[in-house]
Amino acid sequence: MLLQSRHPFPRFILKGKSLLPIVQGGMGVGISAHRLAGTVASLGAIGTISSVDLRRHHDDLMAQSGKSRDKELINAVNLIALDREITAARAIAGNAGMVAVNTMRAVADYAAHVRQSCESGADAVVVGAGLPLDLPELTAGYPDVALIPILSDSRGIALVIKKWMRKNRLPDAIVIESPRFAGGHLGAMSLDAVDDPHFAFPTVLEETLALFKQLGIEREKIPLIVAGGIHSHEQIGDLLALGASAVQLGTPFAVTQEGDAHANFKKVLTEASADDIVTFMSVAGLPARAVRTPWLENYLGKESRLMAKASPKQCTVGFDCLHQCGLRDGNGKAGQFCIDTQLAFAMNGDVKRGLFFRGSESLPFGCEIRSVRDLMDYLMTGRFPELRQALGA
């Protein structure tokens, strides 16, 4: 059921569809799958499935590939899982909202994930962790699929738009993600650059709108969706006033009742204090932000030693999930651990061994696990569920 029309924030238009200005970010491994994405979409917003290693949500596919080191088999069952998740999310959503798929440009099977997303009926493809300069070609046979790059500054936005314009295509929307506050992989080249002021929302929005004017692009043609650290109704109002069309949230959705991860995953994220959240270098060669759990605490204690003796080795899980992997490639400037393994532990609720990605900011409901509807209502109205009930709303 769609949220009521009494909400104060204006809708925005994407591919001719009127949507609430809320986007649920894609979170892997398996944190945002069909249940979360479908529920968000059913309420009239954009729900997003993360395409990374979705086989882990399907017992039959894990029975085939869980102990395998056959790269082709693992990639094949992951595409089957992606198809299943998109189909299931769309069944929950009905005709409401949009079901998007997020796939990282840094993932080795990126092109196959994009094509499968389109073939399986995703409404949008969202790409981060790299510049998706080839996305128009990969989706050429699917003109109705919205193409949404995730970028962090106006320089990257200009590069993608100008490159795509030469292919007679524009992004259907752009996610502007702040490395300073977001969880997971961050759009900065180094740890020192994460807090660079040129990533600030007011700066990037102003520069991007000036770019649109310079290129003759109407402001409404490409909705700008800001992401990273957003957790309140008031923030959303301020960002829309600056020129954003919508906002994207990850962590607040990850800890909802409908979030696809284990209950322990949600407990770790909701109970983390500001001092528990740390930024470090991922194996993908990008800064990342997560909760300082036992595995991460242990890893960070020996990180410098591991980086110093880094050397090329075989992929520990057999399917080379990343184009560039610090552990496999022996890159001493990147992380030295298997990210797929650690994220899978987190999805399954293994507090001791998991890597738990999280944004830096507080959560709307503190340590409470609430429904997607409660979260959406709060973001749109500013009223908490108890107050609405007391008022008979």
Side-chain angles (χ1 to χ4, degrees), residues 23-29 31-32 48 50 52 102-107 110 126-132 148-157 159-160 174-201 203-205 208 224-231 239 247-254 269 272 274 276-293 296 299-300 303 307 321-327 331 333-337 339-340 342-343 346 355-363:
V23 178
Q24 167 249 314
M27 298 164 284
V29 167
I31 308 306
S32 57
T48 309
S50 170
V52 179
N102 175 291
T103 186
M104 294 171 56
R105 184 64 182 83
V107 170
Y110 150 75
V126 184
V127 180
L131 297 175
I148 308 175
I150 301 177
L151 302 158
S152 292
D153 60 17
S154 60
R155 180 182 177 185
I157 292 170
L159 180 61
V160 169
I174 295 172
V175 174
I176 298 171
E177 185 175 80
S178 167
R180 184 174 181 181
F181 304 110
H185 288 101
L186 309 175
M189 296 305 295
S190 67
L191 291 174
D192 292 339
V194 166
D195 293 328
D196 194 305
H198 89 280
F199 290 126
F201 289 140
T203 299
V204 182
L205 286 167
T208 301
L224 300 178
I225 303 165
V226 293
I230 298 162
H231 61 282
L239 291 165
V247 298
Q248 176 176 290
L249 299 87
T251 306
F253 278 110
L269 267 59
D276 294 327
I277 301 167
V278 62
T279 306
F280 60 100
M281 288 302 293
S282 165
V283 294
L286 295 167
R289 183 170 289 119
V291 180
R292 192 191 292 268
T293 47
L296 186 54
Y299 167 74
L300 292 175
E303 179 184 49
M307 286 181 169
C321 63
L322 295 172
H323 278 299
Q324 297 180 348
C325 169
L327 180 64
N331 177 4
K333 295 182 179 180
Q336 298 296 305
F337 58 91
I339 193 166
D340 184 76
Q342 306 309 143
L343 290 176
L355 171 58
F356 293 76
F357 281 156
R358 189 199 191 281
S360 65
E361 301 303 282
S362 60
L363 295 170

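Quick note: numbers below take in every heavy atom, side chains included, and nothing from hydrogens, waters or symmetry partners.
His185 and Ser282 are linked by a side-chain donor-acceptor pair at a separation below 3.5 angstrom, with hydrogens and angles left out of the test.
Without hydrogens or angle criteria, Asp196 side chain to Phe199 main chain gives no donor-acceptor distance under 3.5 Å. At least one donor-acceptor pair under 3.5 Å links the side chain of Arg289 to the backbone N or O of Ala182. Panel note: side chain Gln336, backbone Gly326; a donor-acceptor pair is recorded below 3.5 Å. Formation of a donor-acceptor pair under 3.5 Å by the Ser152 side chain with backbone atoms of Glu177 is found in this model. Judged by distance alone, with hydrogens and angles left aside, the side-chain atoms of Ser178 form no donor-acceptor pair with the main-chain N or O of Gly228 at under 3.5 Å. Remark: side-chain polar atoms of Thr48 are not paired, donor with acceptor, to backbone N or O of Asn102 under 3.5 angstrom.
Classified by interplanar angle (parallel below 30°, tilted 30° to 60°, perpendicular above 60°), the ring pair Tyr299/Phe280 is perpendicular.
Contact of the Phe337 side chain with the Leu355 side chain is registered, since non-hydrogen atoms from C-beta on lie closer than 4.5 Å. At least one side-chain heavy atom of Leu224 sits less than 4.5 Å from a side-chain heavy atom of Thr208. Side-chain contact between Ile148 and Val127 is absent, with no heavy-atom pair separated by less than 4.5 Å.
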- Task: Test Leu296 against Val291 for side chain to side chain contact (heavy atoms under 4.5 Å, CB included), laying out the working first.
- Result: CA-CA 8 Å; Leu296 186 54; Val291 180; over 6 Å; no
- Task: Check step by step if side chain to side chain contact (heavy atoms under 4.5 Å, CB included) holds for Thr279 and Leu186.
- Result: CA-CA 9 Å; Thr279 306; Leu186 309 175; 4.0 Å; yes
- Going through the distances and angles, do Ile157 and Ile176 end up as a side chain to side chain contact (heavy atoms under 4.5 Å, CB included)? CA-CA 9 Å; Ile157 292 170; Ile176 298 171; 4.0 Å; yes
- Query: What's the verdict on side chain to side chain contact (heavy atoms under 4.5 Å, CB included) for Met27 and Leu343, showing C-alpha distance, side-chain angles and the deciding distance?
  - Reply: CA-CA 10 Å; Met27 298 164 284; Leu343 290 176; over 6 Å; no
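For the side chain to side chain donor-acceptor pair (under 3.5 Å) test, no residue two or more places apart in sequence or in another chain qualifies with Ser360.
Atom CG of residue Leu327 and atom CG of residue Asp340 lie 12.0 Å apart, to the nearest 0.5 angstrom.
The 12-atom threshold is exceeded at CD of Glu303, counting heavy atoms of other residues, nucleotides or ligands nearer than 6.0 Å.
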